[in-house]
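Read through the structure below, which is laid out as structure tokens, and then see the notes.
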Amino acid sequence: MTVSAVTTAVKIRYFAGARAAAGVADEDLVLDTSEPTVALVVSAIGERHGEQLGKVLAASSFLLDGVAVRDTSTRVPAGAQLDVLPPFAGG
């Protein structure tokens with residue numbers, strides 16, 4: 001009997017400095033789990049894009065399907081969209 005791995009696909013959108021650090025405006029991320037958290041997604045994109053994005057992620061806020069995330073242990077459903085919003089300057 002073959003057991004297939006369970007995966008979850010998430011759409012990531014980067015804004016401002018996060019976009020510059022990632023080198024892309026958006027991307028699809030597939031994780032090998034059925035119940036990822038925001039923290040797991042953030043860790044995965046940090047590993048994918050390196051230290052420069054990691055620094056931006058540490059100061060960023062996130063929107064999950066348009067709703068602000070305060071708790072990074074929040075579950076991310078399959079097909080969700082996570083927006084990475086670095087601090088913005090200006091007034």
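Residues satisfying the side chain to side chain contact (heavy atoms under 4.5 Å, CB included) test with Val67, not counting sequence neighbours, are none. Residues satisfying the side chain to side chain contact (heavy atoms under 4.5 Å, CB included) test with Ala78, not counting sequence neighbours, are Thr8. Qualifying salt bridge (Lys or Arg N to Asp or Glu O under 4.0 Å) partners for Glu47, counting only residues two or more places apart in sequence or in other chains: none. For Ala39, the side chain to side chain contact (heavy atoms under 4.5 Å, CB included) criterion is met by Thr37, Thr72, not counting sequence neighbours. With sequence neighbours excluded, the residues that form a side chain to side chain contact (heavy atoms under 4.5 Å, CB included) with Asp28 are Lys11.
Judged as a salt bridge (Lys or Arg N to Asp or Glu O under 4.0 Å), the pairs with a partner in residues 68-79 (not counting sequence neighbours) are, in order, Glu35-Arg75. Counting only residues at least two apart or in different chains, ring pair (Phe, Tyr, Trp, His ring centres under 6.0 Å) contacts with residues 67-87 are absent. Sorted by first and then second residue, the pairs that involve residues 46-70 and meet ring pair (Phe, Tyr, Trp, His ring centres under 6.0 Å), not counting sequence neighbours, are Tyr14-His49. Residue pairs meeting the side chain to side chain donor-acceptor pair (under 3.5 Å) criterion with at least one partner in residues 57-67, sequence neighbours excluded, are absent.
Using a 4.5 Å cut-off on side-chain heavy atoms (C-beta onward), Thr74 and Val76 make no contact. In this structure the side chain of Val84 reaches within 4.5 angstrom of the side chain of Ile45, judged on heavy atoms.
Heavy-atom contacts from other residues, nucleotides or ligands closer than 6.0 Å to CD of Gln81 number more than 12.
When all heavy atoms of Leu53 and Ala18 are compared, the closest pair comes out as CD1-O, 3.8 Å. Considering every non-hydrogen atom in both Pro36 and Leu31, the closest pair reads CB-CD1, 3.6 Å. Annotation for Pro86 and Ala16: closest pair CG-CB, 4.0 Å, computed over non-hydrogen atoms.
Both Leu29 and Leu57 belong to a single network of hydrophobic side chains, linked directly or stepwise wherever heavy atoms of I, L, V, M, F, W or Y lie under 4.5 Å apart.
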